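Taking it in order: structure first as C-alpha cells, then the write-up.
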Amino acid sequence: MTGTFHILGIESSCDDTAAAVLRVDRSKAQILSNVVYGQSELHARFGGVVPEIAARAHAEKIDLCIEDALSQSGLALEDLDGIAVTAGPGLIGGVLAGVMCAKGLSAATGLPLIGVNHLAGHALTPRLTDDVTYPYLLLLVSGGHCQILIVRGDEDFTRLGGTIDDSPGEAFDKTAKLLGMSQPGGPAVEAEARNGDQRAIALPRPLLDRPGCDMSFSGLKTAVLRQRDAAVARDGGLKRSVRADLCGAFQLAVRDILVEKTRRALDIYLAERPKTPTLAVAGGVAANGMLRAGLEKLARQQGMAFVAPPLALCTDNAAMIAYAGAQRLIAGAQDGLDLAARPRWPLDQKAPAMLGAGKRGAKA
Ligand code: KG4
Ligand code: ZN
C-alpha cells in the first residue's frame with residue numbers, strides 16, 4: 001500500500017469494544033474517529049472481567065460500534081482500503097468476536113484483512129501520537145499486560161522484562177476490592193491515596209532485590225490483605241484513615257518497582273547508543289500521576305525524551321490497532337480468511353515465556 005489510504009481498526013480483546021478509522025500516510029496518521037464502548041458496568045459486581053459476559057457483549061455491540069466509527073469519520077465502508085483487527089493476545093471469546101466480524105466485512109467488500117497483535121498496538125502508540133523514532137524503550141502497564149520492551153521496528157521487539165504473575169493494573173484492581181472500593185481500582189486507589197500518609201505502613205517491593213527487569217505484584221497484594229486484617233483486628237473495623245494510608249503505601253510500592261525496573265532496562269537500552277533516546281509509557285496504569293512523575297524524572301536524569309500518550313490512547317482502543325495494521329499493510333502484509341484468533345501471542349518470539357496467566361487472560 002502506498003500514498004494516502006484509510007483503514008478501519010477493530011478491538012475486542014478484553015472489556016472494551018472499539019472501532020476507529022485512520023487516514024494514513026506512511027508513519028503519519030490522522031485519527032478520523034475513535035469509538036470505545038466500555039463494559040465496566042457489566043462486570044462491576046463480579047469484581048473483575050468475566051470472559052463469557054465480555055464475549056457476548058462484544059458480539060452484541062461490535063457492528064454498532066463500527067457503524068458509529070464510520071459515521072463519525074464521515075466515510076463509508078467502500079471508502080476504506082483495509083480492515084485491521086486484533087487477532088490476539090486476549091480473552092479468546094472476545095478476540096473471536098472481532099476477528100469473525102472483520103472476516104465478514106472483508107469477505108463482503110473484498111478489502112484486505114490484517115490481523116494485529118494487540119500488544120503491538122500499544123507498543124506503536126508513541127509513534128502514532130508523537131512520531132517517536134526507533135528504537136525507543138517502552139513500559140507497557142495495563143490491566144492485562146506488563147512488559148518493558150525495546151521497540152526497534154513495526155514488528156521488531158526485544159522484551160527486557162515483564163511480570164511473572166499479576167499485572168500492575170490487576171494489582172490496583174485487587175487492592176481496591178480488598179479495601180472495599182469501586183472498580184476499576186486504579187483511579188479509586190490513586191484518589192484515596194491523596195488522603196493518607198504513604199509512609200505510614202511499610203509494604204514489600206517483591207523481586208526488587210533480584211537482578212534483572214522482571215517484576216511481581218501478587219505478593220504486594222497479599223501484603224495489603226495482611227495489613228488490612230491486622231488493622232481490622234486492632235481497630236474493630238477498617239478506619240478510613242488506615243485505608244487511605246494503605247492506598248498510598250501500595251501506590252508508592254508499585255511506583256518504586258516500576259521505576260527501578262525501568263531504570264535497569266534503560267541501562268541496557270542506552271548501552272546500544274540510540275540516536276534519539278526516548279522513554280515511553282503506555283497502558284491504563286500510565287494514567288497514574290505518581291508513576292508518570294517518577295518515569296519523567298528518570299528520563300530527565302538521563303537527558304532523554306519522555307513520551308506519555310494521552311489517556312484515551314493509553315487504554316485499550318482501536319486507533320492503535322488501525323495504526324499497527326496500517327504499518328503491516330504498507331509493508332505488503334495481508335491475512336487470509338483463515339486468520340486465527342490467538343489467546344497467547346508474545347511480541348518478542350525469542351524471549352522465554354512468562355509464567356502465570358492473569359484473570360484477564362494468558363500473559364503474552
Ligand atoms: O489499558 P487498560 O484500559 O485495559 C487493559 O488492557 O487492561 O488498563 C486498565 C487498567 C485497570 O486495571 C485500571 O485499574 C488501571 O488500568 N488504571 C490505573 C489508573 N487508571 C486506570 N491504575 C493506576 N492509576 C490510575 N490512575
Ligand atoms: Zn491492552
Side-chain angles (χ1 to χ4, degrees), residues 9-18 34 36-40 43-44 47-49 51 54 86-91 94-95 98 116-125 138-147 149 162-163 166-179 181-194 198 217 220-221 247-248 250-255 257-259 281-295 308-321 323-324 343 345 347 357-364:
I10 301 172
E11 155 63 32
S12 58
S13 65
C14 188
D15 59 347
D16 289 305
T17 313
N34 188 19
V36 180
Y37 290 180
Q39 302 179 352
S40 327
H43 304 286
V49 178
T86 298
L91 299 174
V95 178
V116 170
N117 184 317
H118 175 87
L119 298 170
H122 279 302
L124 299 185
T125 299
L138 179 81
L139 172 66
L140 171 50
V141 275
S142 71
H145 326 289
C146 177
Q147 313 198 6
L149 299 160
T163 183
D166 290 352
S167 72
E170 254 177 297
F172 266 102
D173 295 343
K174 287 176 180 170
T175 293
K177 196 174 169 196
L178 287 174
L179 300 178
M181 296 159 67
S182 61
Q183 298 292 320
V189 169
E190 181 169 25
E192 186 68 354
R194 288 192 199 103
Q198 58 188 14
F217 295 97
L220 185 54
K221 166 203 69 195
C247 285
F250 169 81
Q251 180 175 249
L252 187 63
V254 171
R255 194 274 315 259
I257 295 167
L258 288 171
V259 169
V281 63
V285 181
N288 188 273
M290 184 180 249
L291 176 63
R292 270 183 192 243
L295 293 171
L311 195 56
L313 295 173
C314 275
T315 52
D316 285 351
N317 67 86
M320 68 180 191
I321 302 305
Y323 181 78
W345 186 359
L347 273 182
K359 69 178 171 165
R360 297 202 180 171
K363 299 273 177 284

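These figures come from a predicted structure and were not determined experimentally. In each ligand, atom 1 is the first atom listed, and ligand 1 is the first ligand listed. Throughout, numbering of the chain's residues begins at 1 and tracks the sequence. What's counted below: heavy atoms across the whole structure, side chains too, no hydrogens, waters or symmetry copies.
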Contact check: [X] vs ligand 1, nitrogen or oxygen atoms, below 3.5 angstrom:
| X | value |
| --- | --- |
| Asn288 | yes |
| Asp16 | no |
| Pro184 | no |
| Gly284 | yes |
| Gly143 | yes |
| Glu190 | yes |

Review point. Considering only heavy atoms, does Asp173 approach ligand 1 within less than 4.0 Å through its side chain, its backbone, both, or neither?
Key: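 Only the side chain of Asp173 comes within reach of ligand 1.
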Review point. Is the closest side-chain heavy-atom distance between Asn317 and Glu11 below 4.5 Å?
Key: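 No, side chains not in contact.
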Review point. Are Met181 and Cys247 close enough that some pair of their side-chain heavy atoms sits under 4.5 Å apart?
Key: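 Answer yes - side chains close enough.
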Which atoms of ligand 1 sit under 4.0 Å from any heavy atom of [X]?
| X | result |
| --- | --- |
| Ala287 | 20 (N), 26 (N) |
| Thr315 | 1 (O), 3 (O) |
| Gly169 | 12 (O) |

Point to revise | Candidate list Leu139, Thr125, Leu138, test side-chain contact (heavy atoms from CB on, under 4.5 Å), partner Val281, passing option | key: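 Testing each of Leu139, Thr125, Leu138 against Val281, the sole residue satisfying side-chain contact (heavy atoms from CB on, under 4.5 Å) is Leu139.
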Check your understanding: Has His122 got an N, O or S atom lying less than 2.8 Å from the Zn ion (ligand 2)?
Key ->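 For His122, the answer is yes, given that an N, O or S atom comes within less than 2.8 Å of the Zn ion (ligand 2).
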Euclidean distance, [Y] [atom2] relative to [X] [atom1], rounded to 0.5 Å:
| X | Y | atom1 | atom2 | result |
| --- | --- | --- | --- | --- |
| Leu140 | Leu149 | CG | CG | 6.5 Å |
| Thr163 | Phe217 | OG1 | CZ | 6.0 Å |
| Leu252 | Leu291 | CG | CG | 11.5 Å |
| Asp173 | Gln183 | CG | CD | 4.5 Å |
| Gln251 | Asn288 | CD | CG | 4.5 Å |
| Lys221 | Lys174 | NZ | NZ | 4.0 Å |

Exercise for review: Would you tell me which option among Gly90, Pro187, Ser40, Ala191 has the nearest heavy-atom contact to atom 20 (N) of ligand 1?
Suggested key: Pro187
Check your understanding: Of the listed options (Gly186, Ser13, Cys14, Gly38), which comes nearest to atom 25 (C) of ligand 1 when hydrogens are ignored and any heavy atom counts?
Key ->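 Nearest option to atom 25 (C) of ligand 1, by heavy atoms: Gly186.
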Check your understanding: Which is the closest N/O/S atom of Asp316 when seen from the Zn ion (ligand 2)?
Key -> OD1
**Study point:** Phe250/Phe172 aromatic ring centres below 6.0 Å
**Key:**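 Yes, close enough.
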Practice item. Determine whether any heavy atom of Gly144 lies closer than 4.0 Å to an atom of ligand 1. Key: yes
